[in-house]
Amino acid sequence: MRARFAPSPTGYLHVGGARTALYNYLAVRATGGEFILRSDDTDTERSSGEFQNDILDGMRWLGLEWDEGIEKGGPHSPYRQSERLARYQEVARSLLDLGKAYLCFATAAELDEMRDVAKAEGRPPGYDGRYRDYDSEQARKRLDGGEDAVIRLKVPRPGETVFEDLVRGEVRFNHDHVEDFIILRSNQTPTYHLASSVDDVDFGITHVIRGEDLLSSTPKHILIGEALEAAPIAYAHLSLLMGPDGKKLSKRHGDTSLRAYREAGYLSEAMTNYLALLGWSFGEDSDIFTLEEAVARFSLDAVQPNAAIFDNDKLEWMNGVYIRAMSDDEFADRVAPLITAEYGELNELQHVRLRMILPHVKERAKLLNEVPGQVGFLMTDDIDYDRGSWDKVMTAPEAKMAVEDGLERLSNLDRWDAESIEGELRAMLEHLQLNGRKGLQPIRVAISGSTISPPLFESMEALGQAETVVRTSRALDLLLESGANLGDS
RNA sequence: GGCCCCGUCGUCUAGCGGCCCAGGACGCUGCCCUCUCAAGGCAGUAACGCCGGUUCAAAUCCGGUCGGGGCUACCA
């Protein structure tokens, strides 16, 4: 099997494109063969190097390694359509010589009129074939005279194109609805249909796996293949990805670029895992699996033909599963750049604190980039008290007692580890006849600034005794002087 | 409008004529655990769009209908 992912670099790689790439990859690796990455950049107006790089980055990030193609090279280099223009012109001309295509001089105005008339008469809209049987001598003459012309494929009429789509079964198109489409524009550049089909043939592609938006164009591609007398290609059209509102996934649903997810703290493992599930099922035993495991079970004919809605909630849950599955060291490594980006280069104290708290943060994180915020109270000794948190717990009558007694005990503790701290604070609860919620929340706010933090005792251990005492005592001062109402810190 | 594709819980899906008064996962709800938040455990919620037909038997096959989506460029 030889399959290709052929995006046009006219935008960032989005999640839908990533899924198409993934399914191509899975199909190839599952059956053996080559996965090819090609750039369909015939639209020079809209294509850009930035987008090209984004696609390459995205593919690498996801771990979808290709065997031939851009940057990698291979027996069919180059894999960029913009570098193969001569080839497409050659094919178009030979089709012309063979009588399988013809020159057309219809102007834009004529084309518009055709469409209007066809629509008005209720016929299929499209080119009416007026130059299909035009005298070739005459055509030559007009061309030499400097007139612009396009080359159109002479679609067999009457006729029908029928093919077996690997995910949808038999699909048929009557040629009444397939116009004599343009293969070479008047400026001598190929249309997508020509370039893509010629490449598929030239590169020995056996399976074209792509989005359903190209299903209607498939007869054109098959017709070009037939005109070239090439071996038939198998097609598999994947359903499109939808937004939560059931409409085609687009910018309207927020930033759907792969990059945006990467930057939001999603792991590539979670992304490929989730994407694989959009239209395919791993089996009833699990929804969590590696790329390799997916390869072992993947099969194109098990792919669902119906559209799938991209569900961020499930992706996020899955990301959490992958984060928790990481080793503490790996988690620390992956999160380190994000923390330095937020707080600058870390000093020794910060390193020590992080090493202690990160394993506990790991258990709670759903997204990598929410971690810096969760460890913020350990990165600076100048913490702010969250107003809502303070008002919620510090105004309770037990708060002052708990903070006061806690401070006393913590100051005198001679062993500073989570276990000892817990023992001491539990003794405080016992002494004051308070339950954990009432007695410990004020202390949590005192040291972290918020009612939400990593586990209290471990947080204190990481903070260190000196700083814990400083913060607790500061909170107590505030309680005393403000009569329980937070001033302006 | 024309052509094409699609139609199982809110979402992703299992199901490929009897094992299904439909299974799993996310979400949601409740309970448990608990120092907060998560995580975890347990329980619950919820679907075969509709109408005909084939058959002893249909979520599974056929037709229609309704609904959704895609395409309809000298874009890809």
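Per chain, numbering begins at 1; letters A, B, ... match sequence-line order.
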Provide, to the nearest angstrom, the distance between the [atom1] atom belonging to [X] and the [atom2] atom belonging to [N].
X	N	atom1	atom2	value
His193(A)	A76(B)	NE2	C1'	8 Å
Asn273(A)	C26(B)	CG	P	13 Å
Lys392(A)	C37(B)	NZ	C1'	10 Å
Gln441(A)	U36(B)	CD	P	7 Å
Glu422(A)	U34(B)	CD	P	11 Å

Touch class at under 4.0 angstrom, heavy-atom based, for [X] against every strand present:
X	answer
Leu456(A)	base
Ser239(A)	nothing
Gly279(A)	sugar-phosphate
Leu214(A)	base
Met242(A)	sugar-phosphate
Ser217(A)	base
Ser186(A)	base

Can you tabulate the close N/O pairs, meaning under 3.5 Å, that link protein atoms to atoms of nucleotides 2-7 of chain B?
unit_1, atom_1, unit_2, atom_2, d
G2(B), O2', His177(A), ND1, 3.4
C5(B), O2', Arg168(A), NH1, 2.2
C5(B), O2', Glu212(A), OE2, 3.2

* To do: Check whether the side chain of Arg437(A) and the base of C35(B) form a donor-acceptor pair under 3.5 Å.
  =>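 It does not, because no donor-acceptor pair links the side chain of Arg437(A) to the base of C35(B) below 3.5 Å.
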* Under-3.5 Å donor-acceptor pair between Ser453(A) side chain and C37(B) base ->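 No such pair is found, so the answer is no.
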Rounding to an integer number of angstrom, what distance separates [N] and [M] when you compare their [atom1] atoms?
N	M	atom1	answer
C66(B)	A39(B)	C1'	45 Å
C28(B)	U11(B)	P	16 Å
A58(B)	G53(B)	C1'	12 Å
C19(B)	A76(B)	C1'	48 Å

* Structure fact -> Winner on side-chain proximity to Pro455(A), out of A76(B), U36(B), C26(B), is U36(B)
* Taking only the side-chain heavy atoms of Lys247(A) (C-beta and beyond), determine which of A38(B), C74(B), G68(B) contains the nearest atom. => G68(B)
* For the pair Ser197(A) (side chain) and His193(A) (backbone), establish whether a donor and an acceptor sit closer than 3.5 Å, ignoring hydrogens and angles. =>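 Looks like yes, one N/O pair under 3.5 Å.
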* To do: Begin from the C-alpha positions of Tyr131(A) and Phe105(A) and carry the test ring pair (Phe, Tyr, Trp, His ring centres under 6.0 Å) through to its verdict.
  => CA-CA 7 Å; Tyr131(A) 284 93; Phe105(A) 297 90; 5.7 Å; yes
Short side-chain N/O contact from [X] to OP1 or OP2 of [N], under 4.0 Å:
X	N	answer
Arg115(A)	U72(B)	no
Lys366(A)	C37(B)	no
Arg210(A)	A76(B)	no
Ser450(A)	C37(B)	no
Arg46(A)	A76(B)	no

* List the atom of Leu249(A), the atom of Thr256(A), and the distance in Å for their closest heavy-atom pair. => CG-CG2, 3.8 Å
Between [X] and [Y], is NZ or CZ placed under 6.0 angstrom from the six-membered ring centre and within 45° of the ring axis?
X	Y	result
Arg172(A)	Phe163(A)	no
Arg152(A)	Tyr127(A)	yes
Arg19(A)	Tyr23(A)	yes

* Could you pull out all residues at least two apart from Ser216(A) that satisfy side chain to side chain contact (heavy atoms under 4.5 Å, CB included)? =>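 None.
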* CD1/Ile183(A) to OH/Tyr88(A) distance, rounded to the nearest 0.5 angstrom? ->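 If we round to the nearest 0.5 Å, Ile183(A):CD1 and Tyr88(A):OH are 13.0 Å apart.
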